[in-house]
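Following: one structure in structure tokens, then a few remarks.
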Amino acid sequence: VQLQASGGGLVQTGGSLRLSCAASGSILRIDNMGWYRQAPGKERELVAIISSSGSTNYADSAKVRFTISRDNAKNTVYMQMNSLKPEDTAVYYCNADVLYKEYGNTVALKAWGQGTQVTVSS
């Protein structure tokens, strides 16, 4: 199972970015999918999470400005980030609770993407 994240970049304060993360492999089911971020010198923190039925939960810093969504047919999670601030600068990681087949066995895995850099200039 692999998670491939994309969509990061450099934007000015007030700008927008849309992150995408696609899961691939012998996937049977994906439960929660989410986005985390880690700024330099800080611990990784949850930004937003979405269940397989579409229920969402956001960190206080992301409420109103960020919107998480998913396409279950494509095993893909998105996050639209608007009104970006310099404090949003971080490496953003996608995460998925995946059930997959390996050598005939069913395996549960909390998979991580490789991270995508978001930099917001002031």
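A distance of 11.0 Å separates OG1 of Thr76 from CD of Gln4, quoted to the nearest 0.5 Å. Atom-to-atom distance recorded for Leu3:CG and Asn95:CG is 7.5 Å, nearest 0.5 angstrom. To the nearest 0.5 Å, atoms CD (Gln12) and OG (Ser121) are separated by 5.0 Å.
Listed for the Thr89 side chain is a donor-acceptor partner under 3.5 Å among the backbone atoms of Val120.
Hydrophobic clustering (side-chain heavy atoms under 4.5 Å, transitive across Ile, Leu, Val, Met, Phe, Trp, Tyr) groups Tyr58 together with Val118. The cluster map of Ile, Leu, Val, Met, Phe, Trp and Tyr, joined by side-chain heavy atoms under 4.5 Å apart, puts Val98 and Tyr93 in different clusters.
Considering every non-hydrogen atom in both Asp97 and Lys110, the closest pair reads OD1-NZ, 3.0 Å. Between Trp35 and Ser20, the closest heavy-atom pair is CH2-O, 3.5 Å. Between Met79 and Ala48, the closest heavy-atom pair is SD-CB, 4.2 Å. The minimum heavy-atom distance between Thr106 and Lys101, with the atom names listed, is OG1-NZ, 3.4 Å.
Judged purely by distance below 3.5 Å, without hydrogens or angles, the side chains of Thr116 and Arg37 never pair a donor atom with an acceptor atom. For the 3.5 Å distance criterion, the side chains of Thr119 and Gln117 qualify, holding a donor opposite an acceptor.
When each of Leu19, Val11, Thr67, Asp88 is tested with Met81 by the rule side-chain contact (heavy atoms from CB on, under 4.5 Å), just one qualifies, namely Leu19. Checking each of Ile68, Asp71, Asn72 against Val77 for a side-chain contact (heavy atoms from CB on, under 4.5 Å) leaves exactly one that passes, namely Ile68.
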Check: residues 21-34 side-chain donor-acceptor pairs under 3.5 Å, at least two apart:
from, atom 1, to, atom 2, distance (Å)
Arg29, NE, Asp31, OD1, 2.9
Arg29, NH2, Asp31, OD2, 3.3

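The neighbour count for Glu43 CD, taken as heavy atoms of other residues, nucleotides or ligands under 6.0 Å away, does not exceed 12.
Taking 4.5 Å as the limit, some side-chain heavy atom of Leu17 sits within range of a side-chain heavy atom of Leu84. By the 4.5 Å heavy-atom criterion applied to side chains, Asn82 and Phe66 are not counted as neighbours.
Taking the ring axis of Tyr78 as reference, the NZ or CZ atom of Arg70 does not stay both within 45° of it and closer than 6.0 Å to the ring centre.
Judged as a side-chain hydrogen bond (donor to acceptor under 3.5 Å, both in side chains), and not counting sequence neighbours, Gln38 has no contacts.
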Residue pair Ser16, Gln80: steps toward the side-chain contact (heavy atoms from CB on, under 4.5 Å) verdict: CA-CA 7 Å; Ser16 297; Gln80 177 67 41; 3.9 Å; yes
Applying side-chain contact (heavy atoms from CB on, under 4.5 Å) to Gln2 and Gln114, what does each step give before you reach the verdict? CA-CA 9 Å; Gln2 287 190 327; Gln114 83 282 12; over 6 Å; no
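Between Tyr36 and Trp112, the gap from one ring centroid to the other is short of 6.0 Å.
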